[in-house]
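A note on names: the letters A, B, ... follow the listed sequences, proteins ahead of strands, and every chain is numbered from 1.
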Amino acid sequence: MYKGSLVRIRHQSINDMGKLAEFMCSPRYLETHGYDEPKFAYKEGLEKKFKERMEKHDHNELHMVIETLDSKVIGIIGINGNFWKNGLTWVYSYIGDDEYLDGGYYEEALALLLEFLFVEGNARKVIINTQSNDPHGLAACKANGFNTEVVFKEDVLCHGKYIDTYDMTVFKDEYMKTYKK
Amino acid sequence: MFTGERINLRPQKKEDAEYIAKYQQDEDVLDNYFMGHTLPPLKEFAEHWYERLSTKNEGYGFVIENKQGEFLGSCHANGLNFKNGTTYLAIFIGHPEYRSKGYGTEAMKLFLNFMFNEVGLRKVKLNVFAFNKRAIRCYEKSGFKVEGICKQELYRYGEYQDTYAMCIYREDFNRGDLSCIKEA
């Protein structure tokens with residue numbers, strides 16, 4: 001069970017799509033996902049994608065929600081892609097509910113994902129892309145041992161300026177040194 | 001626009017799949033070009049790629065040829081992002097006799113000139129394997145700078161190898177030596 005003292009992570013269900021659409025339409029989401037052009041997400045559109053994913057059943061992707069222990073959905077987390085040959089796993093994480101940005105929810109959700117990937121999922125190198133205008137995301141990654149590998153300077157447009165993004169990575173070897181259970 | 005001193009660029013055509021497949025099966029290209037495995041790709045893959053290029057219009061595919069029209073290699077832009085003004089590029093010189101002689105650098109300049117000054121992009125990015133010294137030299141000569149080192153990013157020759165993330169900005173490109181580019 002991927003459950004910590006504050007949050008748990010679980011598979012997305014089709015019933016979560018309304019909440020997710022709400023998260024993905026917020027200005028903070030659009031600002032911190034600068035690689036995509038600003039696009040609104042709709043419940044129906046996400047439900048359609050969800051069904052397509054169920055059909056496709058691709059083991060290289062995994063999409064989950066972050067919820068509090070009393071089952072309130074506060075964010076999304078998961079795997080965008082996985083390259084078995086090179087041992088690379090690309091992940092994402094986002095807290096949609098502003099009330100839970102501070103207080104260790106973000107950190108713990110990411111810690112649960114890393115535990116899942118390294119202890120259960122046989123990942124070797126986990127990569128996350130973050131932006132310089134996302135202090136909460138950056139702090140959560142740093143707290144979980146992610147190191148900045150590439151600084152993509154002036155890479156995405158935000159509020160009329162080009163801002164930096166970072167590829168941050170953590171290796172299994174490093175992670176297992178600190179893993180206790 | 002696509003005319004250089006010793007080479008020309010031209011948009012990729014359907015018939016080029018044969019040459020692209022032939023040279024992508026070359027051991028040198030296989031080792032240095034593909035993030036994936038090094039099982040030689042089929043001609044069908046190149047045809048499929050052309051199909052996507054021609055119908056979905058999601059990138060730019062060029063053939064590099066000499067003044068006699070001989071196929072030397074190919075370069076293409078993928079992951080175009082008009083919002084951010086960025087793209088990734090990939091390039092290979094397949095014809096063995098045309099390697100290490102500056103043809104790649106010339107092709108790169110023509111390609112970048114098109115991307116920056118016609119398409120209107122701002123930043124062009126690429127990834128190169130750390131052991132591919134010949135390519136790194138070409139990119140540095142073309143004005144690319146290393147943005148970061150991706151540690152143990154690629155599995156090849158039985159171990160994990162580093163790759164470099166490199167990029168070039170429009171202003172830096174336009175300040176460089178562009179004398180090989182012939183305007184129409």
Side-chain angles (χ1 to χ4, degrees), chain A residues 29-40 60 80-90 118 122-133 141 145-176, chain B residues 30-39 41 58 78-89 116 120-132 139 143-173:
Chain A
Y29 182 89
L30 300 175
E31 283 166 14
T32 54
H33 291 74
Y35 278 111
D36 315 315
E37 71 261 32
K39 242 185 323 212
F40 298 136
N60 291 317
N80 272 333
N82 183 40
F83 203 154
W84 57 270
K85 172 189 162 286
N86 296 328
L88 308 175
T89 307
W90 289 272
F118 288 130
N122 198 21
R124 184 187 69 92
K125 179 181 183 181
V126 174
I127 308 167
I128 194 164
N129 187 266
T130 53
Q131 292 184 195
S132 57
N133 64 346
C141 291
F146 277 90
N147 294 312
T148 306
E149 224 170 49
V150 186
V151 180
F152 296 101
K153 285 199 198 100
E154 300 178 12
D155 214 40
V156 301
L157 184 67
C158 179
H159 298 320
K161 284 188 192 131
Y162 293 102
I163 61 166
D164 298 351
T165 78
Y166 310 105
D167 259 1
M168 302 176 83
T169 64
V170 57
F171 284 88
K172 185 181 185 176
D173 301 355
E174 296 161 14
Y175 177 85
M176 293 314 280
Chain B
L30 275 176
D31 280 6
N32 290 305
Y33 190 71
F34 291 102
M35 271 300 273
H37 54 70
T38 53
L39 204 61
E58 56 189 21
N78 52 24
L80 255 89
N81 190 321
F82 286 105
K83 179 206 163 219
N84 297 322
T86 58
T87 187
Y88 276 93
L89 81 80
F116 288 135
L121 298 182
R122 202 175 54 80
K123 178 180 182 181
V124 173
K125 304 190 267 186
L126 61 82
N127 284 306
V128 59
F129 308 156
F131 55 77
N132 190 359
Y139 303 148
F144 280 85
K145 296 207 165 62
V146 175
E147 267 195 310
I149 299 171
C150 308
K151 281 179 229 144
Q152 302 184 16
E153 186 87 352
L154 167 85
Y155 192 73
R156 186 135 307 161
Y157 309 130
E159 50 193 50
Y160 289 103
Q161 314 275 354
D162 294 350
T163 72
Y164 296 160
M166 299 181 85
C167 77
I168 183 167
Y169 294 90
R170 180 165 54 200
E171 307 85 74
D172 296 332
F173 174 75

Atom NZ of A:K172: over 12 foreign heavy atoms under 6.0 Å: yes
Is it the side chain or the backbone of [X] that comes within 4.5 Å of chain A heavy atoms, both, or neither?
X	result
B:Y164	neither
B:C150	both
B:K123	side chain

Pick from A:F171, A:Y162, A:Y35 with the largest number of heavy-atom pairs that fall under 4.5 Å of chain B: A:Y162
Among the listed options A:D167, A:T169, A:D155, the residue most often paired with chain B at heavy-atom distances under 4.5 Å: A:D155
Please give me the minimum heavy-atom distance between [X] and [Y], naming the atom from each residue.
X	Y	answer
A:V156	B:N84	CA-OD1, 3.3 Å
B:E153	A:L88	O-CD1, 3.4 Å
B:Y160	A:N86	CE2-O, 3.4 Å

Separation between NZ of A:K39 and NZ of B:K83, rounded to the nearest 0.5 Å: 11.0 Å
Where on [X] is there a heavy atom nearer than 4.5 Å to chain B: the side chain, the backbone, both, or neither?
X	answer
A:F152	both
A:D36	backbone
A:F83	side chain

Cationic N near anionic O, under 4.0 Å, A:K153 to B:E147: no
A:K85 and B:L154: CA distance, side-chain angles, deciding distance, side chain to side chain contact (heavy atoms under 4.5 Å, CB included) verdict: CA-CA 8 Å; A:K85 172 189 162 286; B:L154 167 85; 3.7 Å; yes
